[in-house]
Amino acid sequence: MKLLNRVAVVTGGANGIGRCACQLFAEEGAKVVVADINESGKQVADELITHGFEAMYINVDVTEERNVQNLIRTTVDTFGKLDIMVANAGIAETIPIHQLSLENWNKTINVNLTGVFLTNKYAIEQMLDQGYGVIVNTASMLGHIGRNEVTSYTASKGGVANLTRTLAVTYSKKGIRVNAVCPGYIDTDLIRNKSAEMMEELIRLHPIGRLGKPEEVAKAMLFLASDDSSFICGTNLMVDGGFTAQ
Ligand SMILES: NC(=O)c1ccc[n+]([C@@H]2O[C@H](COP(=O)([O-])OP(=O)(O)OC[C@H]3O[C@@H](n4cnc5c(N)ncnc54)[C@H](O)[C@@H]3O)[C@@H](O)[C@H]2O)c1
């Protein structure tokens, strides 16, 4: 077991990639905090408990500072420490900038970038007290390349990618490793509102010839969260079926 007795928080743990990470981390021995704005996260935690794992749901809006402080405090009060923070909660939209309202821009930046700022900030505060910890942020391959009309999302994920590097540079000597996964298009609810033609196009754009599965991203998260990646910090790990290799 790669995460035996580690305590892991997964934001966006109620669905998609985060939900798979909660399941996989629990199977690898971690005590898992399913952190999500959606109350369905309670069901995810309950299912884990039913299968004999240690888990807990905490309702959190990652854009609310007090919520995030409460998340870290409750985790440490319950499980005694915080080994792993997976900052994964995110939203997506595709609107060209000339039609994008400031309100929509702010919404995406708040969840995808400020949410990562807050969860990393308060996780690192706790990890500094402990002298150890691992952070895995969910950026995106779209934090590294441009994409037609995907305005606020690409900007937010570019921010996550570079915030990850800076935090790694700042905190590695304090025993805290910070890395990011950068998924290609993954078959989750986040992209299911697209037309059949667009889905075909997205599949075609991945050299591997298909979309990714959330489990495949969760496995990359496990690698970065475990001691298997002990000399890796500040990296943005592409999990994109070769999309950005072209
Ligand atoms: N699916 C993809 O193609 C893809 C590609 C690259 C990156 N990503 C990133 O992966 C992460 C997970 O996405 P997913 O595909 O699993 O999507 P998803 O919609 O299935 O899951 C996202 C989860 O985040 C939660 N969430 C949203 N806003 C929140 C908030 N303010 N506070 C707390 N929780 C909140 C949702 O309730 C949901 O459970 C996101 O950061 C997303 O940007 C996804």
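Computed from a predicted structure; not experimentally measured. Positions are given from 1, in the same order as the sequence printed here. Read the numbers this way: they start at 1 and go in the same order the structure lists the ligands and their atoms.
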Hey, looking at [atom], which of [options] has the closest heavy atom?
{"atom": "atom 22 (C) of ligand 1", "options": "Gly90, Gly16, Ala218", "answer": "Gly90"}
{"atom": "atom 9 (C) of ligand 1", "options": "Thr138, Val116, Thr114", "answer": "Thr138"}
{"atom": "atom 32 (N) of ligand 1", "options": "Leu71, Val62, Val217, Asp187", "answer": "Val62"}
{"atom": "atom 3 (O) of ligand 1", "options": "Ile186, Asn137, Thr108, Val181", "answer": "Ile186"}

Working note: Glu47 + Arg19, criterion salt bridge (Lys or Arg N to Asp or Glu O under 4.0 Å); need CA distance, chi angles, decisive distance, verdict. CA-CA 11 Å; Glu47 273 169 30; Arg19 184 180 181 152; 3.2 Å; yes
Derivation of the salt bridge (Lys or Arg N to Asp or Glu O under 4.0 Å) call for Lys219 and Glu216: CA-CA 5 Å; Lys219 283 179 189 165; Glu216 293 174 309; over 6 Å; no
For the residue pair [Y] / [X], report whether a side-chain donor-acceptor contact shorter than 3.5 Å exists.
{"X": "Arg177", "Y": "Ser229", "answer": "yes"}
{"X": "Gln43", "Y": "Tyr57", "answer": "no"}
{"X": "Glu65", "Y": "Gln69", "answer": "no"}
{"X": "Asn112", "Y": "Thr108", "answer": "no"}

In terms of side-chain geometry, is the basic nitrogen of Asp187 or Arg210 positioned less than 4.0 Å from the acidic oxygen of its partner? no
Got a salt bridge between Lys81 and Asp129, using NZ or NE/NH1/NH2 to carboxylate O under 4.0 Å? no
If the cut-off is 4.0 Å to any non-hydrogen atom of [X], which atoms of ligand 1 fall inside it?
{"X": "Val60", "value": "32 (N), 33 (C)"}
{"X": "Asn38", "value": "37 (O)"}
{"X": "Ile191", "value": "3 (O)"}
{"X": "Ile17", "value": "10 (O), 15 (O), 16 (O), 44 (C)"}
{"X": "Ala14", "value": "39 (O)"}
{"X": "Tyr185", "value": "3 (O)"}

Please verify whether a non-hydrogen atom of [X] lies at under 4.0 Å from ligand 1.
{"X": "Gly184", "result": "yes"}
{"X": "Thr11", "result": "no"}
{"X": "Lys157", "result": "yes"}
{"X": "Gly212", "result": "no"}

Minimum-distance protein heavy atom relative to [atom]:
{"atom": "atom 24 (O) of ligand 1", "answer": "Gly12 CA, 3.5 Å"}
{"atom": "atom 8 (N) of ligand 1", "answer": "Tyr153 OH, 3.4 Å"}
{"atom": "atom 29 (C) of ligand 1", "answer": "Ile37 CG2, 3.7 Å"}
{"atom": "atom 39 (O) of ligand 1", "answer": "Asp36 OD2, 2.7 Å"}
{"atom": "atom 20 (O) of ligand 1", "answer": "Asn15 ND2, 3.0 Å"}
{"atom": "atom 28 (N) of ligand 1", "answer": "Val111 CG1, 3.8 Å"}
{"atom": "atom 40 (C) of ligand 1", "answer": "Asn88 O, 3.2 Å"}
{"atom": "atom 31 (N) of ligand 1", "answer": "Asp61 OD1, 3.0 Å"}

In Å and rounded to the nearest 0.5 Å, what is the CG to CG distance from Leu237 to Leu224? 5.5 Å
Residues in side chain to side chain contact (heavy atoms under 4.5 Å, CB included) contact with Glu215, at least two apart in sequence or another chain: Cys20, Lys213
Considering residues at least two apart in sequence or located in another chain, which fulfil the ring-ring contact (aromatic ring centres under 6.0 Å, His included) criterion with Phe243? His206
Is there a side chain to side chain contact (heavy atoms under 4.5 Å, CB included) between Cys22 and Leu48 once you walk through the steps? CA-CA 9 Å; Cys22 289; Leu48 291 175; 4.2 Å; yes
When you compare the side chain of Tyr185 with that of Lys194, does any pair of heavy atoms fall below 4.5 Å? yes
Going through the checks in order, is the salt bridge (Lys or Arg N to Asp or Glu O under 4.0 Å) test met by Asp77 and Arg73? CA-CA 6 Å; Asp77 285 351; Arg73 200 181 313 116; 6.0 Å; no
Ligand 1 contact on Ala139 by region, counting heavy-atom pairs under 4.0 Å: backbone
